[in-house]
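Residue numbers run from 1 in the order of the sequence given. Remember, it's a predicted structure, so these values are computed and weren't measured experimentally.
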Amino acid sequence: MSLLETLAEQESRLVFTSFDNEVALALGAFLLEAARAQALPVTISVRRGQQRLFHAALPGTSADNDEWIDRKSRVVDRYGQSSYRVGESFRASGKTFETDSRLDPDRYAAHGGVFPVIVAGVGMVGTVGVSGLPQADDHAFVVAQVEKFLATT
């Protein structure tokens, strides 16, 4: 399976049955606990629409990580796919997001780490993401934690 196929499969598989403020807070806390257990220097964000419902910044992060999450979240909001998948789609077609998307790179970043929150029968309602690791690691951490979280709910 290609990387793009894997990324698409993750989005089709990791679907919530519902998503409200309580679920968002529980999801954020779940990611925070996992990041602390691994001593990861990440900033965590969970949003529903444009509302940030959970935000945490662990040691080793800075305000730059907040900006990265905002830029990656805008990509997910616009394309309805993970920020990593959007960037990889451009790379796979021999293009670069920064040049070929025609979007302001100061506002949009197609780098891994933000994943769409998809509700069954509804579609995308928000985002969950981290910033602080290399993009593939940011993405892998979010996917692994969302998968574990969904298995417990």
Is it true that a side-chain atom of K148 and a backbone atom of A34 form a donor plus acceptor pair closer than 3.5 Å? no
hydrophobic_cluster_shared for V146 and V122, side chain cutoff 4.5 Å: yes
Starting from the C-alpha separation in whole Å, work towards a yes-or-no answer on side-chain contact (heavy atoms from CB on, under 4.5 Å) for F16 and V23. CA-CA 10 Å; F16 291 74; V23 174; 4.2 Å; yes
What do the steps show when you test V128 against V142 for side-chain contact (heavy atoms from CB on, under 4.5 Å), and what is the final call? CA-CA 7 Å; V128 55; V142 171; 4.0 Å; yes
At what distance, to the nearest 0.5 angstrom, does NZ of K72 lie from NE2 of H139? 11.0 Å
Side chains of D77 and Q50: donor-acceptor distance under 3.5 Å anywhere? yes
Hydrophobic cluster membership, V117 vs F141, 4.5 Å side-chain cutoff: yes
What are the two closest non-hydrogen atoms of G129 and I69, and how far apart are they? O-CD1, 3.9 Å
Is L25 reachable from V114 through a run of hydrophobic residues whose side-chain heavy atoms are each under 4.5 Å from the next? no
Among Y84, F90, W68, whose ring pair (Phe, Tyr, Trp, His ring centres under 6.0 Å) with H111 holds? W68
Beyond-backbone contact of I44 with F30, side-chain heavy atoms, under 4.5 angstrom: no
Any idea which heavy atoms bring P41 and L133 closest together, and the distance? CD-CD2, 4.0 Å
D66 side chain near T43 side chain, heavy-atom distance below 4.5 Å: yes
Tabulate below the donor-acceptor pairs under 3.5 Å that side-chain atoms of residues 101-108 make, not counting sequence neighbours, or state none.
unit_1	atom_1	unit_2	atom_2	d
S101	OG	F97	O	2.7
S101	OG	L103	N	3.1
D104	OD1	D106	N	2.8

For residues 35-56, which residue pairs pass the salt bridge (charged side-chain N to carboxylate O under 4.0 Å, His left out) check, not counting sequence neighbours? R47-D70, R52-D70
Value for CG (L40) from OG1 (T61), rounded to nearest 0.5 Å, stands at 11.5 Å
So, does D100 use its side chain to make a donor-acceptor pair with the main chain of T96 at under 3.5 Å? yes
Examine I118 and V75 and state if one hydrophobic cluster contains both, with Ile, Leu, Val, Met, Phe, Trp and Tyr joined whenever side-chain heavy atoms are less than 4.5 Å apart. no
Rounded to the nearest 0.5 Å, what separation is found between the CD atom of E9 and the CG atom of L4? 13.0 Å
Return yes if some donor-acceptor pair links the side-chain N/O of T99 with the main-chain N/O of K95 below 3.5 Å, else return no. no
Please determine whether residues L58 and F54 belong to a single hydrophobic cluster, defined as Ile, Leu, Val, Met, Phe, Trp and Tyr linked transitively by side-chain heavy-atom distances below 4.5 Å. yes
Closest approach of N65 to S131 (non-hydrogen atoms, all atoms of both residues): ND2-OG, 3.1 Å
Whether the E11 and S82 side chains hold a donor-acceptor pair (N or O, under 3.5 Å, no angle test) is what I'd like checked. yes
Nearest 0.5 Å please: distance from the CG atom of L27 over to the CZ atom of F149. 5.0 Å
Closest heavy-atom pair and its distance - V46, A24: CG1-CB, 3.7 Å
S83 OG to E88 CD distance, which is reported to the nearest 0.5 Å: 12.0 Å
If I compare all heavy atoms of V143 with all of L14, which pair ends up nearest, and what's the gap? CG1-CD1, 3.8 Å
For the CG atom of L53 and the CD atom of E22, what is their distance to the nearest 0.5 Å? 10.0 Å
What are the two closest non-hydrogen atoms of Q135 and G112, and how far apart are they? OE1-N, 2.8 Å
